[in-house]
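Bear in mind the structure is a predicted one, so any value in this text is a computation, not a measurement.
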Amino acid sequence: MSHGPLPDRDDHATAAAGAGPAAAIDRGLAILNSIIVVLAAIALVAACAILSYSVLSRALFKAANYWQDEAAVFLLVGATFMTAAYVQQNRGHIGIEAFVGLLSPFANRVRLWLVDVATLLFCAFFTWKSWTLAHEAYVDGQVSNSMWSPPLAIPYSLMALGMSLLCVQILVQLVLPFAGGRRP
């Protein structure tokens, strides 16, 4: 539970105020993340509408719905993975806040850096595996096991792209303090 601003969640608007490639990439990511969040919100509303239609058409008209569940899942997967960089940009991922007040500002910066490095390593591995899944699904023509049979390359590609953006976001957050900017 948090009662006020935490030292590791400063206002992101001032984080990339510096010049240089890292700050420019950070500002570009902020714009891209804002666009993706709007599209993800639309995808979530579409998933809700699709699932509501599915329930109503099945209950009222006994209509077969073989595509609605998968379409909603694809939209939810895309929204979840594509917005991961936005969440990281705003430091919204799970963090251990109990240590923030106990550590000195320097120790807290070291803690954040170590957590970001470990997170980047995990996310880089996940990104690599996601891209291999997407490639295999595309090359092999893999489809889901339903009557609709949409290509599995779609959700795997969204997963891989979202994880790639997350890795870039974490990398920028790691490099920014060394490039003269403030840590987001």
Side-chain angles (χ1 to χ4, degrees), residues 1-47 74-101 103-135 153-184:
M1 183 192 289
S2 173
H3 299 287
L6 297 171
D8 63 342
R9 294 198 182 149
D10 293 331
D11 182 22
H12 181 40
T14 59
I25 291 170
D26 192 47
R27 286 190 298 272
L29 277 173
I31 293 168
L32 180 62
N33 287 336
S34 297
I35 293 167
I36 289 171
V37 164
V38 170
L39 295 174
I42 293 168
L44 289 176
V45 170
F74 281 27
L75 289 168
L76 292 172
V77 166
T80 301
F81 281 96
M82 292 300 293
T83 57
Y86 174 82
V87 175
Q88 177 65 29
Q89 171 190 2
N90 292 298
R91 291 280 178 195
H93 287 291
I94 296 171
I96 302 171
E97 297 174 1
F99 292 120
V100 174
L103 299 174
S104 68
F106 176 75
N108 198 39
R109 284 193 302 272
V110 170
R111 176 191 64 86
L112 283 173
W113 190 83
L114 290 173
V115 167
D116 282 349
V117 168
T119 303
L120 179 63
L121 292 173
F122 171 79
C123 289
F125 176 75
F126 195 106
T127 301
W128 171 66
K129 290 305 286 179
S130 297
W131 280 114
T132 59
L133 272 174
H135 180 261
I154 295 170
Y156 293 158
S157 296
L158 290 170
M159 193 168 62
L161 186 59
M163 290 305 293
S164 297
L165 286 172
L166 178 58
C167 284
V168 171
Q169 182 68 50
I170 295 169
L171 190 60
V172 166
Q173 286 178 334
L174 282 168
V175 171
L176 204 56
F178 298 110
R182 275 192 30 211
R183 178 179 189 81

Check: Partners of V110 by side chain to side chain contact (heavy atoms under 4.5 Å, CB included), sequence neighbours excluded?
Finding: F106, L114

Under 3.5 Å, which donor-acceptor pairs link side chains of residues 35-43 to any protein atom two or more places apart or in another chain?
none

Check: Roughly how far, to the nearest 0.5 Å, is the CG atom of L174 from the CG atom of D116?
Finding: 5.0 Å

Next item on the list: Please name the pair of heavy atoms, one in A85 and one in Q169, separated by the smallest distance, quoted to 0.1 Å.
Entry: O-CG, 3.6 Å

Margin query: Looking at every heavy atom in both A22 and V175, which two are closest together, and how far apart are they?
Written below: CB-CG1, 4.1 Å

Notebook entry, point to check: Which residues satisfy the side chain to side chain contact (heavy atoms under 4.5 Å, CB included) test with F126, sequence neighbours excluded?
Noted result: F81, F122, S130, M159, M163

Check: Looking at residues at least two apart in the chain, or sitting in another chain, which of them share a side chain to side chain contact (heavy atoms under 4.5 Å, CB included) with I154?
Finding: F74, P151, L158

Checklist line | Partners passing side-chain hydrogen bond (donor to acceptor under 3.5 Å, both in side chains) against S164 (at least two apart in sequence or in another chain) | finding: W131

Margin query: I need the minimum non-hydrogen distance between T127 and A160, along with the two atoms involved.
Written below: CG2-O, 4.2 Å

Checklist line | Residue pair W113 / R109, side-chain heavy-atom distance below 4.5 Å | finding: no

Notebook entry, point to check: CG of L121 to CD1 of I170: how many Å apart, nearest 0.5 Å?
Noted result: 9.5 Å

Next item on the list: Please report the shortest heavy-atom distance between C123 and L166, naming the atom on each side.
Entry: SG-CD2, 3.6 Å

Next item on the list: Report yes if some heavy atom in the side chain of L103 is under 4.5 Å from a heavy atom in the side chain of R111; otherwise report no.
Entry: yes

Notebook entry, point to check: Where the side chain of Q88 meets the backbone of Q173, is there a donor-acceptor pair that is under 3.5 Å apart?
Noted result: no

Item checked: Donor-acceptor under 3.5 Å (T83 side chain, Y86 main chain) -> no

Check: Among all residues two or more places apart in sequence or in another chain, which pass the side chain to side chain contact (heavy atoms under 4.5 Å, CB included) test with A46?
Finding: L75

Item checked: Gap between atom CE of M82 and atom CG of L161 - 0.5 Å precision -> 4.0 Å

